[in-house]
Amino acid sequence: MTMVAATVIAYDHDIPYFLVHQKDSGDHFWAVKVHHHEEKTSLGTILSAFQKIGVTNFDDWRLGELATAVEDEGHAESLYSFHVTDYHALQKQLPKELVFKSGDDIRGLLTTIQPSTFTSFDAS
């Protein structure tokens with residue numbers, strides 16, 4: 001099974017906030033299964049999944065960096081990050097288990113990212 005994960009990053013008073021999926025086992029990056037028979041890229045899969053849960057407008061989203069995250073079971077997942085300017089408006093569109101948390105609050109989760117795989121998509 002191939003999984004792809006995503007987070008959305010926003011800054012509030014220079015503090016980064018990350019979108020995480022709150023589960024009983026703790027905070028995780030939000031992940032969805034890639035269905036190869038649908039002929040979508042992993043990026044297309046994650047954007048379609050955001051649409052299915054209520055995100056209606058991607059105009060202000062900026063693709064950030066792609067990395068690999070290692071989840072609890074030890075499986076590597078592709079991780080997309082998107083940058084938004086108004087995460088409060090986005091939060092209203094999301095299910096209650098998807099929330100924004102500060103980098104300090106999810107320090108342990110952030111250490112699962114393998115930084116050697118980062119590739120920048122945005123030159124600004």
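Just so it is clear, the structure is predicted and the values come from calculations on it, not from any experiment.
Within the 3.5 Å criterion, the main-chain N or O of Ile15 finds no donor-acceptor partner in the side chain of Asp12.
Side-chain contact check for Thr2 versus Lys33: every heavy-atom pair is 4.5 Å or farther apart. Side-chain contact between Tyr17 and Val84 is absent, with no heavy-atom pair separated by less than 4.5 Å. For the pair Val32 and Thr45, the minimum side-chain heavy-atom distance is below 4.5 Å. A heavy-atom distance below 4.5 Å is not found between the side chains of Thr56 and Gln51.
Between Leu19 and the choices Val99, Leu90, Thr7, the side-chain contact (heavy atoms from CB on, under 4.5 Å) rule is met once, by Thr7. Just one residue in the list Leu79, Val20, Leu94, Ile46 forms a side-chain contact (heavy atoms from CB on, under 4.5 Å) with Trp30, and that residue is Ile46.
Between the side chains of Ser42 and Tyr80, at least one donor N or O lies within less than 3.5 Å of an accepting N or O. Judged by distance alone, the side chains of Ser48 and Lys40 do bring a donor and an acceptor atom under 3.5 Å apart. With hydrogens and angles left out, the side-chain atoms of Gln22 and Lys96 include no donor and acceptor closer than 3.5 Å.
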side-chain contact (heavy atoms from CB on, under 4.5 Å) between Glu97 and Lys23, worked out = CA-CA 7 Å; Glu97 64 272 9; Lys23 297 182 180 181; over 6 Å; no
inquiry  = Pair Phe50, Val8 - check side-chain contact (heavy atoms from CB on, under 4.5 Å), show working.
reply    = CA-CA 11 Å; Phe50 272 118; Val8 179; 4.1 Å; yes
Val34 vs Val4, side-chain contact (heavy atoms from CB on, under 4.5 Å): CA-CA, chis, key distance, verdict = CA-CA 7 Å; Val34 176; Val4 60; 3.7 Å; yes
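Minimum interatomic distance between Gly103 and Leu110 (heavy atoms only, all atoms of both residues): O-CD1, 3.8 Å. Ile9 and Ser81 get closest at one heavy-atom pair: CD1-CB, 3.9 Å. The two residues Phe29 and Ala5 make their nearest non-hydrogen contact at CB-CB, 4.0 Å. Between Lys101 and Asp27 the shortest heavy-atom distance is NZ-OD2, 3.0 Å.
Residue Leu98 holds its CG atom at 12.0 Å from NE2 of His28, rounded to the nearest 0.5 Å. Between atom CE of residue Met3 and atom CD of residue Glu77 there is a gap of 5.5 Å, rounded to the nearest 0.5 Å.
Ring orientation note: the planes of Phe100 and Tyr87 are tilted relative to one another, at an angle of 30° to 60°.
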